[in-house]
Amino acid sequence: MFVSVVLDPGGEDSARELTSLMSDYGFKRVQRACWESVKISPAVLNELKQDIDRATDYYDTVRIYQFPVENVLAVTELYRKKWKRILVKPPVSSDPRRLK
């Protein structure tokens, strides 16, 4: 599964802890605040989310993009210490010519 994690830490301590977690889980830094992995399993990703939850506080934001999850893109966000997840599905078209 492809996983991209975007970090927006609220402080330096959180930034260090999250950077360390990403490295420990085998993610590669592709931009200043973006880490990616193509080798992570769903079980390991759940462990990572728990570790992220422990390492963050109210002011930290983390967004995780996963593909494929139920054959669609999943976006999971930690904002103000609450996790929310949405599944991004392709638009439904009523025009039969666009279904090809």
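- Rounded to the nearest 0.5 Å, atoms CD (Glu47) and OG (Ser41) are 7.5 Å apart.
- Closest approach of Phe67 to Met1, counting heavy atoms only: O-CG, 3.6 Å.
- Using a 4.0 Å cut-off between a side-chain N of Lys or Arg and a carboxylate O of Asp or Glu, Lys81 and Asp53 qualify as a salt bridge.
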Full working for side-chain contact (heavy atoms from CB on, under 4.5 Å) between Phe27 and Leu48: CA-CA 11 Å; Phe27 280 77; Leu48 173 62; 3.6 Å; yes
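- Residues Tyr25 and Asp51 have side chains in contact (heavy-atom distance under 4.5 Å, counting atoms from C-beta outward).
- Note that CG of Leu7 is 8.0 Å distant from CZ of Arg29, once rounded to the nearest 0.5 Å.
- Side-chain atoms of Arg80 and Thr61, non-hydrogen and from C-beta on, never get closer than 4.5 Å to each other.
- For Arg63 and Glu77, the salt-bridge test passes: some basic side-chain N is under 4.0 Å from an acidic carboxylate O.
- Of all heavy-atom pairs spanning Ala55 and Leu21, the tightest one is CB-CD1, 3.9 Å.
- Other residues, nucleotides and ligands contribute over 12 non-hydrogen atoms within 6.0 Å of the CZ atom of Phe2.
- Distance check, rounded to the nearest 0.5 Å: CG of Asp24 to CD of Glu17 gives 8.5 Å.
- Between Val72 and Pro90 the shortest heavy-atom distance is CG1-CD, 4.3 Å.
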